[in-house]
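Throughout, a chain's letter reflects where its sequence line sits, starting with A, and its residues are numbered from 1. The shown structure was predicted, so the numbers you read here are calculated from the model rather than taken from an experiment.
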Protein chains: 2
Amino acid sequence: MKDNNDMPGHLARRFQQIAVAVFLAEVEDAGFDLTPVQYAALATIKANPGLDQVTLAGLIAYDRTTITGVIDRLVQKGLAERRASSRDRRARELEITDEGRRTLRKITPAVESAQRILLRGLSAKEGEDLMRLLRKAIAAGNDLSRAPLRETPV
Amino acid sequence: MKDNNDMPGHLARRFQQIAVAVFLAEVEDAGFDLTPVQYAALATIKANPGLDQVTLAGLIAYDRTTITGVIDRLVQKGLAERRASSRDRRARELEITDEGRRTLRKITPAVESAQRILLRGLSAKEGEDLMRLLRKAIAAGNDLSRAPLRETPV
DNA sequence: TACTGATAGTCAGCATACTGAGCAATATCA
DNA sequence: TGATATTGCTCAGTATGCTGACTATCAGTA
């Protein structure tokens with residue numbers, strides 16, 4: 001029988017498991033307490049000031065029910081703010097705070113270090129290849145998850 | 001600034017996200033209710049009758065605190081049994097039930113189909129390359145997560 | 001304008017994953 | 001043998017990620 005550990009689905013789970021562990025370790029070493037998910041959300045808020053939650057979720061492929069809790073924690077840590085939108089009373093506009101900006105700036109080396117560690121078993125070319133193939137497989141499967149990546153709409 | 005969506009960590013998360021969605025969809029279409037994690041645990045119990053929980057966790061790289069709940073659900077569904085070990089009174093021996101065996105057999109086509117769908121954007125060679133590179137990166141990072149893969153000890 | 005459908009956000013519930021702590025039992029070694 | 005360390009398992013707490021349902025609001029149209 002084929003080894004279950006060799007199936008693409010299992011490799012996907014393992015790779016993600018290691019990626020999260022490495023990220024958290026590097027970030028903690030740098031003296032911060034931020035998850036990969038929180039980091040991506042914060043960086044995307046900074047790059048798109050005033051965006052609403054659904055747009056944010058689409059830009060980083062999070063489920064809209066997940067993003068609520070993530071933003072809750074960013075707000076609670078004082079890194080982001082959630083305001084009512086003036087144009088659409090259903091929507092909340094998101095902004096990064098000065099503290100959030102400071103954190104992003106200081107945390108960047110740790111985040112980049114994590115990415116290097118994640119690929120440390122591969123040569124530079126192999127790392128490039130892996131990322132290219134992952135991007136291609138992901139693009140083909142984008143709409144298969146409930147939270148697909150959405151190019152900036154609007 | 002570099003696009004966050006292009007970082008290896010983000011690609012890892014996305015690939016895993018799609019892998020789980022595809023697995024669940026295929027398995028549900030086949031008329032079953034089993035998660036990727038439950039499937040891997042059940043298949044490993046079948047292949048290693050009487051193994052204990054820590055060994056099972058090591059064979060599929062799950063955390064020991066996660067495996068408890070997974071087995072709870074397999075037992076509750078009648079697919080596996082948990083017995084006290086006679087050799088070590090701390091340990092629990094795991095066995096697959098007839099129902100579990102039947103389920104595994106019938107679910108296999110759906111599981112294989114899921115793996116194909118996950119790689120559907122890639123050529124056969126690209127799929128092979130992706131898996132080879134993932135295996136290599138994972139092997140190099142194995143000990144960086146709290147739940148590393150352990151070759152059958154004993 | 002009134003109706004209908006879509007959209008933004010939240011919530012409850014469930015299933016991974018992990019941290020850290022704790023209990024019971026086993027192993028090791030002075 | 002007796003103290004110490006280790007191991008197998010569980011639990012409480014936290015953070016994703018999802019399903020499905022619900023409210024409030026908006027948009028399009030008859």
Side-chain angles (χ1 to χ4, degrees), chain A residues 9 12-14 16-25 28 33-41 51-58 60-74 76-77 82-94 144-148 150 153-154, chain B residues 9 12-14 16-25 28 33-41 51-58 60-74 76-77 82-94 144-148 150 153-154:
Chain A
R13 181 186 152 281
R14 261 317 261 144
Q16 151 76 352
Q17 183 181 40
I18 292 168
V20 172
V22 168
F23 184 100
L24 292 176
E28 189 188 346
D33 169 33
L34 209 64
T35 67
V37 159
Q38 289 164 16
Y39 169 80
L51 85 175
D52 63 285
Q53 296 187 189
V54 167
T55 304
L56 170 59
I60 47 185
Y62 291 9
D63 192 274
R64 71 183 191 286
T65 64
T66 301
I67 207 80
T68 300
V70 174
I71 297 172
D72 282 349
R73 287 178 279 280
L74 288 177
Q76 207 216 322
K77 289 177 183 176
R82 181 152 39 185
R83 291 197 307 254
S85 165
S86 50
R87 285 163 295 125
D88 186 337
R89 277 190 295 168
R90 291 169 303 180
R92 316 298 192 84
E93 287 177 357
L94 305 173
L144 301 179
S145 79
R146 168 161 141 163
R150 304 257 177 241
V154 181
Chain B
R13 181 186 152 279
R14 231 10 226 126
Q16 150 76 353
Q17 183 180 43
I18 293 168
V20 172
V22 169
F23 185 101
L24 291 176
E28 189 187 345
D33 169 33
L34 209 64
T35 68
V37 160
Q38 288 164 17
Y39 169 80
L51 85 174
D52 64 285
Q53 295 187 189
V54 168
T55 304
L56 170 59
I60 48 186
Y62 291 7
D63 193 273
R64 72 183 188 288
T65 63
T66 301
I67 207 81
T68 300
V70 174
I71 296 172
D72 282 349
R73 287 178 279 281
L74 288 178
Q76 206 215 322
K77 288 176 184 177
R82 180 154 41 186
R83 292 197 307 255
S85 165
S86 50
R87 284 165 294 126
D88 186 335
R89 276 190 296 168
R90 290 169 303 181
R92 315 300 190 84
E93 288 177 357
L94 305 173
L144 300 179
S145 79
R146 168 160 140 162
R150 302 260 178 240
V154 180

From [X] atom [atom1] to [Y] atom [atom2], the distance as rounded to the nearest 0.5 Å:
{"X": "B:Asp33", "Y": "B:Lys77", "atom1": "CG", "atom2": "NZ", "result": "4.0 Å"}
{"X": "A:Arg13", "Y": "B:Phe23", "atom1": "CZ", "atom2": "CZ", "result": "12.0 Å"}
{"X": "B:Leu56", "Y": "B:Arg64", "atom1": "CG", "atom2": "CZ", "result": "14.5 Å"}

Next on the checklist: Just by distance, no angles: are the side chains of A:Arg14 and A:Gln17 close enough, under 3.5 Å, to form a donor-acceptor pair?
Outcome noted: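 Note: A:Arg14 and A:Gln17 side chains meet the donor-acceptor criterion.
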
Identify all pairs in which a protein N or O lies below 3.5 Å from an N or O of nucleotides 2-7 of chain C, and state each distance.
from: C:dT7; atom 1: O2; to: A:Arg90; atom 2: NH1; distance (Å): 2.4

Checklist entry - Rounded to whole angstrom units, what separation is found between the CZ atom of B:Arg82 and the P atom of D:dG8? => result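 In whole Å, D:dG8 P and B:Arg82 CZ are 16 Å from each other.
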
Residue-phosphate contact under 4.0 Å: [X] side-chain N/O, [N] OP1/OP2:
{"X": "B:Thr68", "N": "D:dC9", "answer": "no"}
{"X": "B:Arg89", "N": "C:dT26", "answer": "yes"}
{"X": "B:Arg92", "N": "D:dG8", "answer": "no"}

Checklist entry - Of B:Asp88 and A:Gln53, whose closest DNA chain C nucleotide lies nearer the 5' terminus? => result A:Gln53

Could you list all N or O pairs between the protein and nucleotides 16-18 of chain C that sit under 3.5 Å apart?
from: C:dT16; atom 1: OP1; to: B:Thr35; atom 2: OG1; distance (Å): 2.7
from: C:dT16; atom 1: OP2; to: B:Gln38; atom 2: NE2; distance (Å): 3.1
from: C:dT16; atom 1: OP2; to: B:Arg73; atom 2: NE; distance (Å): 2.6
from: C:dT16; atom 1: OP2; to: B:Arg73; atom 2: NH2; distance (Å): 2.9
from: C:dA17; atom 1: OP2; to: A:Arg13; atom 2: NE; distance (Å): 2.9
from: C:dC18; atom 1: OP1; to: A:Gln17; atom 2: NE2; distance (Å): 3.1

Next on the checklist: Any heavy-atom pair between the side chains of B:Asp52 and B:Arg92 that's under 4.5 Å?
Outcome noted: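 Of all side-chain heavy-atom pairs linking B:Asp52 with B:Arg92, none is under 4.5 Å.
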
Next on the checklist: Under the rule for side chain to side chain donor-acceptor pair (under 3.5 Å), what residues qualify as partners of B:Asp72, not counting sequence neighbours?
Outcome noted: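 With sequence neighbours excluded, B:Asp72 shows a side chain to side chain donor-acceptor pair (under 3.5 Å) to B:Arg82, given in chain and number order.
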
